[in-house]
Peer 1: 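Got a structure here, written out as C-alpha cells. Questions coming.
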Amino acid sequence: MKLTQFFLATIKEAPSEAEVVSHQLMMRAGMIKKLGAGIYTWMPLGVRVLRKVEQIVREEMNAAGAVELLMPVIQPAELWQESGRWDKMGPEMMRVKDRHDRDYIVQPTSEEVITDIARQDIKSWRQLPVNFYHIQTKFRDERRPRFGVMRSREFIMKDAYTFDVDKASLMKSYQGMYDAYSKIFTRLGLEFRAVNADTGNIGGFASHEFQVLAESGEDLIAYCPESDYAANVELAEGVTPAEPRAAASAKLELIATPGQKTCEDVSAFLKLPLKKQIKAMMYMTDAGFVLCMLRADHMVNEVKLGKVPALANYRPASPEEIEEYLGVEPGYCGPVPRHGSAHPGKVIVVADRTAAAMADFVCGANESGYHVAGANWGRDCAEPDVIADIRSVAEGDASPDGKGTLKLRRGIEVGHVFALGQAYSAKLGATYLDKDQKQQVMEMGCYGIGVTRVVAAAIEQNHDAKGIIWTVAMAPFSIAIAAVGYDRSAEVKAAADKLHDELTAIGIDVLLDDRGERPGVMFADLELIGIPHRITIGDRGLKEGAVEYQGRRDAAAIKVPVADVVAYARAVLAD
RNA sequence: CGGGGCGUAGCGCAGCCCGGUAGCGCGCCUGGUUUGGGACCAGGAUGUCGUAGGUUCGAAUCCUAUCGCCCCGACCA
C-alpha cells in the first residue's frame, strides 16, 4: 500500500475529551472518529487493526471447533419477552419500533436468538455438543460511555454459545473456550490473566474473565505470583489469619479523642498503626441493624456483603438510625456497649475474619469524643454474631490457595467465559432427546470477546511518548518504508517502489510513505501509528548501497545492504 | 439516573465579569525557498459564536429554556 493511495489523517493535538492514552492515541493516529457519545466511526487505519484481531479470533475459534454464523442486530421483542429479559434489562437495552409499531431491540448480546435456533434445529443428543459464534455489532446504552472505544455504546463483540447434553460435557466445552481464549490473547501479544469471576445473578457455575493488565483498567484483580491463583477483587477470598487470636493482655481503657472521627485521625492522634484499630460500618438489612467490624486499613467489599445472609438487602444506615441503635454519632461506633440504645440487644455484629482474630484493639467507644483501647472480643464485648469474609483483599494478603501472598493489578476485561447451565435453555425450551428417548434440557455456555476493546487495551499496554507500538499480529501494516526524497530523487523512488513491490509480492503488509515529506514528518507519523518495523531509504544510504532498518522499540537504526533487505525484512517479521 | 463542568474555524484555545458586530496557535489552500527528526517566507480560505426565545438602539458577551458533550459516582466485552 502506498500512503498517497491510503487515507491517513494524523493530528498533533488530541481532543481534550480523550482521557486515557489509548483514546488519545487512537484519535491522534486517525484510527477512530467520534460520531456521538460512545459511538465511533472506524477509519481506514483503525479498520485494518480491527480486521487483524477479528481474523485471529476467527482462526482460533474455528480451530477450537466453533462454527461461525451471523445473527441479526435487530431482534424481535417477543423472544426477549419469552426469556424475561425484555423487562429485566432496563434502559441499557436499546428498543426500537418498526413501521407497524412492533417492538424490537438492538442486540446487546444473543443468547435468546441462539437458543431459539437450538430449540428449532437441535432435536437429538447426536447433534451435541455444538458451538456457534459470530462477530457482530452490539449496542449497550451505557449510563456512562467513556475512554473512547474502551467503553463505548456501540462495539463489536465475538460471542460464542455452546450447547451440551450435560454438565460434564458443558465443562469440557467451557475448558475448550478457556484454552482458545488463552491462545487468542497470547497470539495478540497481550499480557493478560484469566481470573475467577463472580457468576452474578444468572446463576451459572463457572466464570472466568480475561483481563489485560494495564494501569488504566477499570477492574482490580488479585493474583499470586507463586501460583496460578487469580481472581477479580470482588471475588478474591480474604482468608482467616493463620495465627489464632492472641489472648487479651491489655486493660480496657477509655481515651478521649475529641474531634478524631476517621480511623486516620485516630491513628495519627494516638500514634498507633491502623492495623491495631477496628473500624465500624453500619447497615440496615432485612434482619435489622448490622454493625460490620473490619480492621481499619481494610476496605469493605460490597459484592461480598450481599452474599452474607445476615446482610440480605443491606443499605447504609442513616445517622439517625445509628444514633437510635448505638446511642452515638458515626465516628465513634464500636462493638463495646456503653450508652443507651433505643433497641438494646438488637445490634447484629458481623466481624470480618481478620477483625475477629484481633486482640487488644482500638475502636469507637460508643460515646461521642471517645475511643477505647485494649478492647477484646468475648471479654469487653460479646463475640461477633457472624464472622465472614466481607473485605476486599489487599496486597500482601495470604493467597487463598496457601501458596504465597497476593499482589494487586488493574485490568481491562477483554473476554469472559461463562458456564450458564440451563438458565436460557429451560426458559425457551431448548431440549433434545437422549439415548433413552427422554427429553432433556440442554446445558449452555456463553463466551465473549470485546473485539473493539481489545484494540484499545493493546494500546494501553503498548505505547510510548511517540505513540502506539503494535505487535505484528495486530499492526495495520507490518512494515513501513520511509522514502526520503521520494518526490525528487529518481533513485530513491525506484528503490522504494521496488522494495514495496517485492514485499507485497511475498504477502507482507507494507506501507510505503511516498508523500515526499520531510523525514521528521514521516518518522513522527509512522511512529505515532505504531508500525512495528521501518525501513528508511534515502540518497545518502543508496550511494553506499544501503538502507536503514529500525524497529519501533529500537533506539537507533542499523544499516542493511540493499541486496539483503527483503530477506532481512522477512527475518525480523518472523521473530 | 444523581452531582460538577463545557459548547466560539477541522483540532487546541482566548474573547464573556465590564454588551459596540470575532481573534491566536496548529492544520488547510496558493506561490517561492528548503529537504535525514514534526522547515521557512509571502499571500489566502474557513465561523448559523450549540439551538430557540427574551432584554437592549445594539448580544459570542446579560436572562430563560432546550439540546449536545465531557468529568466524578451503585458493573459490563
Peer 1: Using a 4.0 Å heavy-atom cut-off across all strands, classify A/V484 as base, sugar-phosphate, or nothing.
Peer 2: base

Peer 1: Watson-Crick or G-U wobble partner for B/A14, using a 3.5 Å limit on both distances?
Peer 2: none

Peer 1: Is A/S16 near enough to B/C13 that one of its side-chain N or O atoms lies under 4.0 angstrom from OP1 or OP2?
Peer 2: yes

Peer 1: Any sub-3.5 Å donor-acceptor pair from A/K88's side-chain atoms to A/S83's backbone N or O?
Peer 2: no

Peer 1: Regarding A/K34, tell me which of base, sugar-phosphate or nothing describes its non-hydrogen contacts under 4.0 Å with the strands shown.
Peer 2: sugar-phosphate

Peer 1: By the 4.0 Å heavy-atom rule, please label A/A14 as base, sugar-phosphate, or nothing.
Peer 2: sugar-phosphate

Peer 1: Does NZ belonging to A/K2 count more than 12 external heavy atoms closer than 6.0 Å?
Peer 2: yes

Peer 1: Give the nucleotide from the list B/G36, B/C70, B/G37 with an atom nearest to the side chain of A/A37.
Peer 2: B/C70

Peer 1: Watson-Crick or G-U wobble partner for B/U46, using a 3.5 Å limit on both distances?
Peer 2: none

Peer 1: Looking across every strand, which nucleic acid part, if any, lies under 4.0 Å from A/S489 by heavy atom: base, sugar-phosphate, or nothing?
Peer 2: nothing

Peer 1: Report which part of the nucleic acid A/D525 touches: base, sugar-phosphate, or nothing (heavy-atom distance under 4.0 Å, all strands).
Peer 2: base

Peer 1: So which nucleotide does B/A52 pair with, by the Watson-Crick or G-U wobble rule with both distances under 3.5 Å?
Peer 2: B/U64

Peer 1: Please determine if a side-chain N or O atom of A/R518 lies less than 4.0 Å away from the OP1 or OP2 oxygen of B/A39.
Peer 2: yes

Peer 1: Provide a list of protein-nucleic acid N or O atom pairs under 3.5 angstrom, restricted to nucleotides 23-28 of chain B.
Peer 2:
{"from": "B/G25", "atom 1": "N2", "to": "A/E13", "atom 2": "OE1", "distance (Å)": "3.2"}

Peer 1: Counting heavy atoms from C-beta on, name the nucleotide in B/G37, B/C11, B/C71 closest to the side chain of A/P15.
Peer 2: B/C11

Peer 1: Is A/R144 side chain donor-acceptor paired with the B/G4 base, going by distance under 3.5 Å alone?
Peer 2: no

Peer 1: Between A/A524 and A/D219, which has a closest nucleotide on RNA chain B that is more 5'?
Peer 2: A/A524

Peer 1: Does the Lys NZ or Arg CZ of A/R140 fall within the cation-pi geometry relative to A/F155 - under 6.0 Å from the ring centre and within 45° of the axis?
Peer 2: no

Peer 1: Would you mind pulling out the nucleotide paired to B/G73, Watson-Crick or G-U wobble, both distances under 3.5 Å?
Peer 2: B/C1

Peer 1: Look at the side chain of A/R28 and the base of B/G12, then say whether one donor and one acceptor between them are separated by less than 3.5 Å.
Peer 2: no

Peer 1: For A/G415, which contact category applies under a 4.0 Å heavy-atom criterion: base, sugar-phosphate, or nothing?
Peer 2: sugar-phosphate

Peer 1: Given B/A77, B/A39, B/G37, identify the nucleotide with an atom nearest to the side chain of A/E527.
Peer 2: B/G37

Peer 1: Do the ring planes of A/F210 and A/F185 sit parallel (below 30°), tilted (30 to 60°) or perpendicular (above 60°)?
Peer 2: tilted

Peer 1: Between B/G23 and B/C16, how far apart are the P atoms? Round to whole Å, please.
Peer 2: 15 Å

Peer 1: Give one of base, sugar-phosphate or nothing for A/R534, where a contact means two heavy atoms less than 4.0 Å apart.
Peer 2: base

Peer 1: When the C1' atoms of B/U48 and B/C41 are considered, how many whole Å apart are they?
Peer 2: 36 Å

Peer 1: Using the six-membered ring wherever Trp is involved, compare the ring planes of A/Y40 and A/H23 and label them parallel, tilted or perpendicular (cut-offs 30° and 60°).
Peer 2: perpendicular

Peer 1: Please check if atom CD in A/E302 has more than 12 non-hydrogen atoms from other residues, nucleotides or ligands closer than 6.0 Å.
Peer 2: no

Peer 1: Write down the distance separating the C1' atoms in B/G44 and B/G27, rounded off to the nearest Å.
Peer 2: 14 Å

Peer 1: Picking from B/C69, B/C71, B/G38, which would you name as closest to the side chain of A/E19?
Peer 2: B/C71

Peer 1: Which comes earlier along RNA chain B counting from the 5' end, the contact point of A/R453 or that of A/P145, where each point is its nearest nucleotide?
Peer 2: A/P145

Peer 1: For the residue pair A/Y174 and A/H208, does the interplanar ring angle fall in the parallel (under 30°), tilted (30 to 60°) or perpendicular (over 60°) class?
Peer 2: tilted

Peer 1: So what does A/E92 touch, heavy atoms closer than 4.0 Å: a base, only the sugar-phosphate, or nothing?
Peer 2: nothing

Peer 1: I need the minimum non-hydrogen distance between A/E395 and A/L408, along with the two atoms involved.
Peer 2: OE1-N, 3.1 Å

Peer 1: Checking only heavy atoms, does the side chain of A/E17 share a donor-acceptor pair with the base of B/G12 at less than 3.5 Å?
Peer 2: no

Peer 1: B/G31 and B/C49: how far apart are their P atoms, nearest whole angstrom?
Peer 2: 33 Å

Peer 1: Roughly how far, to the nearest 0.5 Å, is the CD1 atom of A/I156 from the OG1 atom of A/T137?
Peer 2: 5.0 Å

Peer 1: Using the C1' atom as the point on both nucleotides, what is the distance between B/A45 and B/C29, in whole Å?
Peer 2: 7 Å

Peer 1: Please state the C1' separation for the pair B/G5 and B/G47 - nearest whole angstrom.
Peer 2: 24 Å

Peer 1: Kindly indicate whether the side chain of A/R146 and the base of B/C71 share any N or O donor-acceptor pair separated by less than 3.5 Å?
Peer 2: no

Peer 1: With C1' as the reference atom in both, quote the distance from B/C67 to B/A22 in angstrom, rounded to an integer.
Peer 2: 24 Å

Peer 1: B/A39 pairs with which nucleotide, Watson-Crick or G-U wobble, both distances below 3.5 Å?
Peer 2: B/U33

Peer 1: Would A/R95 pass as a cation-pi partner of A/W80, given that its NZ or CZ must be under 6.0 Å from the six-membered ring centre and within 45 degrees of the axis?
Peer 2: no

Peer 1: Tell me the interatomic distance from A/Y314, atom OH, to B/A74, atom P, rounded to whole angstroms.
Peer 2: 11 Å

Peer 1: Using the aromatic ring of A/F155 (for Trp, its six-membered ring), decide whether it stacks on the base of B/A77 within the limits of 5.5 Å and 30°.
Peer 2: yes

Peer 1: With rounding to whole Å, what would you report as the distance between B/C69 and B/C11 at their C1' atoms?
Peer 2: 16 Å

Peer 1: Let's test this: given Watson-Crick or G-U wobble pairing with both distances under 3.5 Å, identify the partner of B/A9.
Peer 2: none

